[in-house]
Peer 1: 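Can you keep this structure in mind? I'll have questions shortly.
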Amino acid sequence: MTSTLILLRHGNSDWNQKNLFTGWVDVRLSEQGIAEAKRAGELLAESGLKPQVLYTSLLTRAIQTANLALEVADRLWIPVKRDWRLNERHYGALQGLDKAETLEKYGPEQFQIWRRSFDTPPPALADDAEWSQVGDERYADLADSELPRTESLKLVIDRLLPYWESDITKDLGEGKTVLVTAHGNSLRALVKHLDGVSDAEIAELNIPTGIPLVYELDDDFRPTGPGRYLDPEAAAAGAAAVANQGKK
Ligand SMILES: Cc1ccc(S(=O)(=O)Nc2cc3c(c(O)c2O)C(=O)c2ccccc2C3=O)cc1
């Protein structure tokens, strides 16, 4: 049975505005991000797509984005499943730092290594650090050994794909239209799997915020064609903006 998958990256957040590594720090959408989420709802409504189940991470910015978009699309009533395995990449000891602080603390060489690496995580965040998630109620069901203190993109993929296989594909297998509202790196992991992007190329893939990306999937949950953004022009501009962020 074929199915439709809609990926939606949360809108701009308060820490995006401050250009801070956010990761698992639970920040809210900025006013810009709220507007982006509402626009995503308009694009969904105009497309005629009708999400039948929602998956989100445990982070407020993704949950807000989904709620705002579904409210505009008049689909707030659909069932929702939330899981940590859709969370953003954990940025370890970089959480809460901006680019300048990171360069000052670790130096440009290490900065570039991390930035370009697929499987080298930043230093682990100490359990007593200001932006640690240790003791956060939303992760109470995780064994302490399961709670990340830092992640590489590879580790994000390693924890996300089992959830894709065990949960998300079940709804897709029933022919449902599934909306996944998540984060830049967790969605990169999904797109890498769907489009067969190489380890070397994935770090250069920038998914724009607030623009639904739609895949039609076959019986094996493989795309029947390329993913399509519901606003291709805005998506191209958004992806370029994310890429240019790194050139400042
Ligand atoms: C908070 C922040 C710091 C640096 C930038 S950037 O303009 O330099 N671009 C940038 C930087 C990085 C990264 C990035 O994607 C990026 O666009 C990373 O993915 C990354 C992953 C693990 C450790 C460090 C990095 C990283 O420094 C953007 C945002």
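Order of appearance sets the numbers: ligands from 1, and atoms from 1 within every ligand.
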Peer 1: State, with a plain yes or no, whether a side-chain heavy atom of Gln32 is found less than 4.5 Å away from one of Ile34.
Peer 2: no

Peer 1: Taking only Lys NZ, Arg NE, NH1 and NH2, and the carboxylate oxygens of Asp or Glu, determine whether Arg28 and Asp14 approach each other closer than 4.0 Å.
Peer 2: no

Peer 1: Measuring from atom 22 (C) of ligand 1, which candidate in Glu101, Glu151, Arg89, Arg115 has the nearest non-hydrogen atom?
Peer 2: Arg89

Peer 1: Between Arg149 and Asp144, is the closest basic N to carboxylate O distance under 4.0 Å?
Peer 2: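 The answer is yes: the pair qualifies as a salt bridge.
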
Peer 1: Taking only heavy atoms of Leu20 into account, list the atoms of ligand 1 that are under 4.0 Å away from them.
Peer 2: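 With Leu20 as reference, the close atoms of ligand 1 come out as 1 (C).
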
Peer 1: Inspect the contact between Arg39 and Glu42 and indicate whether a charged nitrogen and a carboxylate oxygen are less than 4.0 angstrom apart.
Peer 2: yes

Peer 1: Select one of side chain, backbone, both or neither to describe which atoms of Leu94 lie under 4.0 Å from any atom of ligand 1, heavy atoms only.
Peer 2: side chain

